[in-house]
Amino acid sequence: MTKLKDNELLLGKDDVSIVLKPDGTLAPKSEITWSGSPSEIVFAPPYLVGLLSQSVEVRSIRSKKAVQSIQLPNAKLISVGPTILVASPTSIWRLLPLDFEDQIEQLLASCQFTEAQTLIEDLEFPSEDDKAANIVRVRGMQAHYMFTYEHKYAEAIAILQELKGSPLDVINLFPEFNPDLADPSCPFIPSEKAALLILMDYLTTQRAVLTRLRKEFEEAGFPMPPEFPRKTKRVSLSDRETRSGVSGTDTVWSGLAELQANGEAYGEEYDTFVEIVYLSRVVDNTLLKVYLTVNDALVGVFLRVVNMCDLEECEELLLQHQKYVEVIDLFRGKGLHRKALQFMVEYVNINERSFKNVVLQMVSYLQRLHIEELDMILEFADWAIRKNPQIGIKIFTEQFDEIPFATRKRITEFLEIISSDLATEYLVHIIHELHDQEPEFHDRLILNYVAKIVALADSVDSLATAIPPKLPGVEDTEIIILRRMLLAFMDESMAYKISSVFPLFPEEGLYEERCVLLNRLGRHEEALHILVFKLHRPDLAETYCQRHYNLETEASNVFVILLRFFTTLVKTKQMPNEYVIEFMGRNGPNMDVAESLQMVPGEVKLIDLQDFFEKALHNLHRSRNVDEIVKNLLLAERLQVQEKLIFDQAKKVTITEDRMCSKCLKRIANSVFSWYPDGSVVHVYCAKSYHLCNHNNLNKFKMIEKVPESRLSPEGQGRANALQMACGVRNACVGSPAHNKNWPLLCSNIFLQMFKKLSFAIILFAACASAASVPTAGLGEFCGGIIPIRCSANLECKLDGSYPDAGGICVQKNAGLGEFCGGIVPILCASNLECKINGSNPDAGGVCVLKAAGLGEPCGGFVPIPCKAGLVCKTSNIPDAR
C-alpha cells in the first residue's frame, strides 16, 4: 500500500496495482500492470517507482505506462525523500530525477507525445499560460508527426483545429505549398491525393470564415490594407510557441508589423483586420495550387468569384500550367480589364495555337464590360473585328441594347471606319430588332444601301431596270437582294427624312426606290410617270395606285392620272385599247366616271365599258346605302337622347331649411349644391371629386325652374356669376329661402349648352354602344321598352302607346314617296307606290314613285298620279284637279 496525492491509496497484489479514493471506492481506469511483481512501490510525483527483483521500473501515474526501467540486481529496499534510495545487500543507489524540460524533450525525441503531454499536465508551471503553451507545442508536433509519418491526415488536421491553430499551420504541413520553410534535414512527404482532398475541404471551410470576418470589418469602415510583400515568412505554430510562449490566437506574424503600424489610427482592431486579410490571401493562393494539382476544372470557377489571390504569384502559376483562359478570369476578378485584354492580344500573337477561340473570348469579355468603358471596348473591338468580322460584330449586336443615342452614333461611326457593311449590319440590328426610330440612323442605313448598290452596279443602265420578282429555285445577285432590302425598308420606315435621303439617289436609276420617296412627298403623278414611261411597267403603276389610293387625300385621283398616261400610250400605238378597257373595268369604283370618260379614246365602244359602268354605279349605290344607314342610326340615337333629356329635366328636388348635406351633415340653406341621381344632395365644395364643368356629370344637375336675377339675393347673384364665369353658361344652382321658407332650390341646366355642342359626338358613341349591347328584334317580335330594342333591317317598331318606355312589335317597313327602295335587302314601297328600279342587276335600287292608275281609277291631283300605258287622264282646267 502506497499513499498518493489527495489522500488516495495505491494497493497492489502480484503484478497488479489499483487506486482507491478517500471514500474507499475504486478510481476509474486506475489499474496498473507491472512487468513483474514489485516488492515495494513509492510515489515520486508524477511517477510511481516499483522495486522489482532485478530492476527498478518507473511508470506515469496518469498514463499507467512504463517510461523507464533501471537494472539494479539484488535490490531489496527502496525509500523516497528528497531523492530515491535503493539498497541491496552490498550496495546503495541514489536515483536523481532529470530536469523536467529535458524529460519532455526526450519524450518528444522518442515520439512519445502523449507521455510528454501527460508530464506537462502533471507539472507545476509559473502560470497556466506557460502550461497551455507547452501543451499546444507538443500537440502541434504530434499532429505534424501523425500527418508526415503515420499519414493520418484527417486526425492531424483535427488536432490543429482543436488547438485553434492558424490555417498557416495546416498549410505548413505541405512543404510544396510553402517553399520558404523548406528544411533539407526534413524529408518532403509525397503529396498524396487523399491529403490534398482533405486540405481542399479544410481551406474551403476556412475561406468562408475569413470572408465573413473580412466583410464585417469592411462594413465597419476599415480600409483594405495594401499588398503584402511576396517574401513574407509564414511562421508555423510550433515555432511561434517556442519563441513567444503564447497561444496561437494572439500571434502576430513576421512581415506584418509595418502594415499594422500604418493602421494605428483605427486601434488594435486594425491589427486583427490586417491578419485576416493576410490569411485570406494565403488561403486563396494555396487553394488555387490545390485545385491545379487535384482538379484543374475548378480553377476557372474559383477565379470567377471574389477572391484574395495574389496577382503576380497566381499569374505566374497559371502560366506555368498553361491556363490562359484562367489568367483572363484572374484579371477580370481583380478589375484589371485592360490588362486582361492586352494579355489576350499580346499572347495570342506569340502562341496562337495554345489559345483557342481567342476572338470568342475577346467578344465575350467585351460584352461583359459596362458601357461606360466604351473607349476600351472600341479599342479592343477593333482588333477582334479585324480578326473575325462575323464574330467581332456580335460585341454590339448581342449586347448593349439599352444605350443612349450618342453612344449608338459613336459605335456606328466606329464601324464605318472599319467597314460600311458592318455599320449596315449594326444599323439593321438597332432599327429592326431594337426599334430605334432616330431619323439619323434611318438616313444612314439608306445611304449605306444606296452606296453599296451603286458600287456593285456595272453601269448606270443596270440600275434603270425594275426589280425582278423572287422566283423559286433562282438565285438572285447581290445587287438585286440589296435593292429588295432597300425598297422594303423605305416602304416600311417612317422615320427617315426625305429631304436628307432624296439627294443621295442617282439621277438615273433606282426608279422604284425613287417612287417611294415621291409617294411620301405626295407627288404621285411623277411616280406614275417614272413607272410608265421609264420603267415601262404598267402593272407596277397599277399596283402603285391600288396601294396608295385614298379618297380623302391627294391620292384620290391616282387612277385617273394613270388612265391619262395609258391613253397617251394608246395614241402613240404603244399600248392597245384592250388593256385600257380592262384597266378601267378592274378599277372602276376608284375612278371619277365623268373625268374618266372624257379620256377614253373615241374608237372605244360603250359596250366595251360595261364592266366599268357596272362597278362604278354599284359603288355609288353602296355608298348611298351606307350613308342612309348611318343617317338613320344617328337620327334614332338623337331622338333617344332627347327623350332621355326631357325625362331627366322633368325631375325636381326640394330644398327645405332642414335639408342636410349628405357629406358634411350641414344645412344646404342657400348654398350652391350638387344633386345626384340617387337623390342625395351635397354642397358643391363637398363634392371635390366632381367638377361642375365635366360633361360626365350631365345627370347630376337638372333644371327645375329658371330664377330671375331680380329675385336673387346679392349673395345668390354673386354665386351665380361665379358659376357663369367658371362654366361659361348663364344659369346656376341657387336658392333663396329669404323669400319663402319652403322656397324650392332651383338648379339650372349648367351643362345644357355643353351638351348641345357635344351632341354629335354623344350620338356617335351611343350608336356604337347600343349596337354592341342591345339585341335586335325580328318580324313580329317585341321592340321598344325601357332599354329600346330595335327592329332588324327593313322593319320598324309599331308602338302601343306614346309614353317614353312604350313597347310594341316589329312590322315591315315600307319606303315613302321619293325614298330609296330595292337594293340587296329589298326595301318595299308604301301602298299606292311602286319601286322604279335603276338598273338590271339583281341588287339594283331605285326610288318609290306613284303607282300608275288603271282604267277608271283616279289620276292627276296635287301630286300627279300617272295613268298606265295606253290611258290618258281626263281632268278639268283646275291645276290640281283629278
Side-chain angles (χ1 to χ4, degrees), residues 524 528 538-539 541-567 570 575-636 767-768 771 776 791-796 812-830 833-849:
H524 303 289
L528 292 172
D539 57 328
E542 185 175 353
T543 303
Y544 177 93
C545 295
Q546 293 171 351
R547 289 186 59 190
H548 303 298
Y549 171 77
N550 190 333
L551 191 61
E552 299 180 356
T553 64
E554 65 274 4
S556 60
N557 63 338
V558 289
F559 285 99
V560 177
I561 295 173
L562 184 56
L563 178 61
R564 185 171 71 248
F565 290 156
F566 285 171
T567 55
V570 170
M575 179 178 287
N577 284 329
E578 290 75 10
Y579 189 89
V580 178
I581 295 172
E582 293 176 359
F583 167 75
M584 295 179 67
R586 289 192 299 268
N587 303 286
N590 301 327
M591 302 172 65
D592 183 87
V593 177
E595 189 174 358
S596 300
L597 290 177
Q598 293 177 359
M599 300 180 187
V600 175
E603 61 271 16
V604 177
K605 299 179 181 180
L606 289 179
I607 190 62
D608 296 334
L609 299 177
Q610 181 179 356
D611 292 342
F612 169 73
F613 286 123
E614 287 182 356
K615 292 185 178 179
L617 293 176
H618 179 73
N619 183 61
L620 291 175
H621 287 307
R622 183 183 59 187
S623 300
R624 179 181 175 183
N625 293 341
V626 171
D627 293 341
E628 286 290 335
I629 293 173
V630 172
K631 184 188 77 171
N632 293 332
L633 285 174
L634 295 178
L635 180 61
C768 296
T776 58
C791 294
S792 301
N794 301 324
L795 300 178
E796 60 183 357
Q812 185 68 41
K813 178 180 180 182
N814 297 327
L817 182 63
E819 295 183 349
F820 179 80
C821 60
I824 298 176
V825 180
I827 300 176
L828 304 179
C829 295
L833 299 177
E834 62 181 358
C835 187
K836 185 178 182 180
I837 301 298
N838 299 324
S840 59
N841 49 311
D843 58 347
V847 295
C848 292
V849 298

**Asked** Does the pair R622 and N619 meet the rule for a side-chain hydrogen bond (donor to acceptor under 3.5 Å, both in side chains), with working shown?
**Response** CA-CA 5 Å; R622 183 183 59 187; N619 183 61; 2.5 Å; yes
**Request:** Start with the C-alpha gap between E595 and L563, add the side-chain angles, then the distance that decides, and say whether side chain to side chain contact (heavy atoms under 4.5 Å, CB included) holds.
**Result:** CA-CA 10 Å; E595 189 174 358; L563 178 61; over 6 Å; no
**Request:** Please lay out, stage by stage, how F583 and M591 fare under the test side chain to side chain contact (heavy atoms under 4.5 Å, CB included).
**Result:** CA-CA 11 Å; F583 167 75; M591 302 172 65; 4.2 Å; yes
**Request:** Test Q546 against F559 for side chain to side chain contact (heavy atoms under 4.5 Å, CB included), laying out the working first.
**Result:** CA-CA 8 Å; Q546 293 171 351; F559 285 99; 3.9 Å; yes
**Request:** Show your working on side chain to side chain contact (heavy atoms under 4.5 Å, CB included) between V630 and L633 and close with a plain yes or no.
**Result:** CA-CA 5 Å; V630 172; L633 285 174; 5.6 Å; no
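Of all heavy-atom pairs between H548 and A555, the closest is O-CB, 3.1 Å. The two residues D592 and S596 come nearest to each other via the heavy atoms O-OG, 2.6 Å. What you find for P576 and V570 is that their closest heavy atoms are O-CG2, 4.1 Å. The shortest heavy-atom contact between A616 and V593 is CB-CG2, 3.7 Å. Nearest heavy atoms, R624 versus V847: NH2-CG1, 4.3 Å. Residues C848 and L833 come closest through the heavy atom pair CB-CD1, 4.2 Å.
Between the CD1 atom in I629 and the CG atom in L634 there is a gap of 12.0 Å [rounded to 0.5 Å]. Distance check: F820 CZ to N625 CG gives 4.0 Å after rounding to the nearest 0.5 Å. Atom CG in L562 sits 9.5 Å away from atom OG1 in T567 (nearest 0.5 Å). Rounding to the nearest 0.5 angstrom, the gap separating the CD1 atom in I581 from the CD atom in E578 is 6.0 Å. Once rounded to the nearest 0.5 Å, the distance linking CG of N632 with CG of D627 reads 11.0 Å. Here the CG-CD distance, from D611 to E582, works out to 9.5 Å after rounding to the nearest 0.5 Å.
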Under 3.5 Å, which donor-acceptor pairs link side chains of residues 599-609 to any protein atom two or more places apart or in another chain?
unit_1 : atom_1 : unit_2 : atom_2 : d
E603   : OE2    : N577   : ND2    : 3.3

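A perpendicular orientation is assigned to the rings of Y579 and F566, their planes being inclined by more than 60° (bins at 30° and 60°).
Taken together, the cysteine pair C829 and C835 keeps its SG atoms at least 2.5 Å away from each other.
Using modelled atom types, one side-chain atom of T543 and one backbone atom of D539 make a donor-acceptor pair closer than 3.5 Å.
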